[in-house]
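What follows is a short report on a single structure.
No hydrogens, no waters, no symmetry mates; every other heavy atom, side chains included, goes into these values.
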Amino acid sequence: MPIKTRPYDAAKHFADDEAQIDLISDALATGHVGYIAAALGTIAKARGMTAVAGDTGLSRQSLHKALSADGNPTLDTVMKVLDALGLQLEAKVRVAEAA
């Protein structure tokens, strides 16, 4: 008898601003494009993808595609999503790892 499973929805675990900031900060720190896109997608989903789509002027479908682990959003899309989420990018000097 096969085990029935449900798709995992990470957005349920990122309902508050602090958790969302921690997620996107961690993603940006890794520099991994797929993780950054997926983190933005998780936050957008937690806040309501339809509302984010409306605020960005992009369709829900294009946001889902761009903000997935396999997505590769343009800088324009990233900036529109960040603006819709009330977030901003910041740059800082990278600390060299100890050898």
- Task: Kindly compute the distance separating CG (L23) from CZ (F14), expressed to the nearest 0.5 Å.
- Result: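 Reported to 0.5 Å precision, the distance equals 4.5 Å.
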- Message: Quick check for you: to the nearest 0.5 Å, what is the distance between I43 atom CD1 and I24 atom CD1?
- Response: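 Separation between the atoms: 5.0 Å.
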Partners of [X] by side-chain hydrogen bond (donor to acceptor under 3.5 Å, both in side chains), sequence neighbours excluded?
X   : result
Q61 : none
D16 : none
T5  : none
E18 : none

- Mind jotting down which residue pairs meet the salt bridge (Lys or Arg N to Asp or Glu O under 4.0 Å) criterion with at least one end in residues 71-82? Sequence neighbours excluded, please.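 Every pair satisfying salt bridge (Lys or Arg N to Asp or Glu O under 4.0 Å) with a residue in residues 71-82: D76-K80.
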- Message: Considering only residues two or more places apart or on different chains, which pairs with a residue in residues 19-32 satisfy salt bridge (Lys or Arg N to Asp or Glu O under 4.0 Å)?
- Response: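 As it turns out, there is no salt bridge (Lys or Arg N to Asp or Glu O under 4.0 Å) pair with a partner in residues 19-32 once direct neighbours are skipped.
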What donor-acceptor contacts under 3.5 angstrom involve side-chain atoms of residues 63-70, with partners at least two apart or in another chain?
unit_1	atom_1	unit_2	atom_2	d
S68	OG	K65	O	3.0
S68	OG	D70	N	3.4
S68	OG	G71	N	3.1

- Transitive ILVMFWY cluster of I3, excluding itself - 4.5 Å side-chain cut-off: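 When side chains under 4.5 Å apart are linked, I3 ends up in no cluster with other residues.
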- Listed partners of T30 passing side-chain contact (heavy atoms from CB on, under 4.5 Å), at least two apart: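 So T30 forms a side-chain contact (heavy atoms from CB on, under 4.5 Å) with H32, Y35.
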- Task: Return the set of residues passing side-chain contact (heavy atoms from CB on, under 4.5 Å) with L82 (not counting sequence neighbours), or none when no residue passes.
- Result: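 L82 satisfies side-chain contact (heavy atoms from CB on, under 4.5 Å) with L40, V78, M79, L87, L89 only.
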Kindly list each side-chain donor-acceptor pair under 3.5 angstrom involving residues 47-59, sequence neighbours excluded, with atom names and distances?
unit_1	atom_1	unit_2	atom_2	d
R47	NE	Q20	OE1	2.7
R47	NH1	L85	O	2.2
R47	NH2	D17	OD1	3.4
R47	NH2	Q20	OE1	2.7
T50	OG1	R60	NE	3.2
T56	OG1	V52	O	3.2
T56	OG1	A53	O	3.0
T56	OG1	L58	N	3.2
S59	OG	S62	N	3.0
S59	OG	S62	OG	3.1

- Message: Let's go through E90 and K92 carefully: what are the C-alpha distance in whole Å and the side-chain angles of both, what is the deciding distance for side chain to side chain contact (heavy atoms under 4.5 Å, CB included) to 0.1 Å, and is it a yes or a no?
- Response: CA-CA 7 Å; E90 290 187 2; K92 61 182 181 179; over 6 Å; no
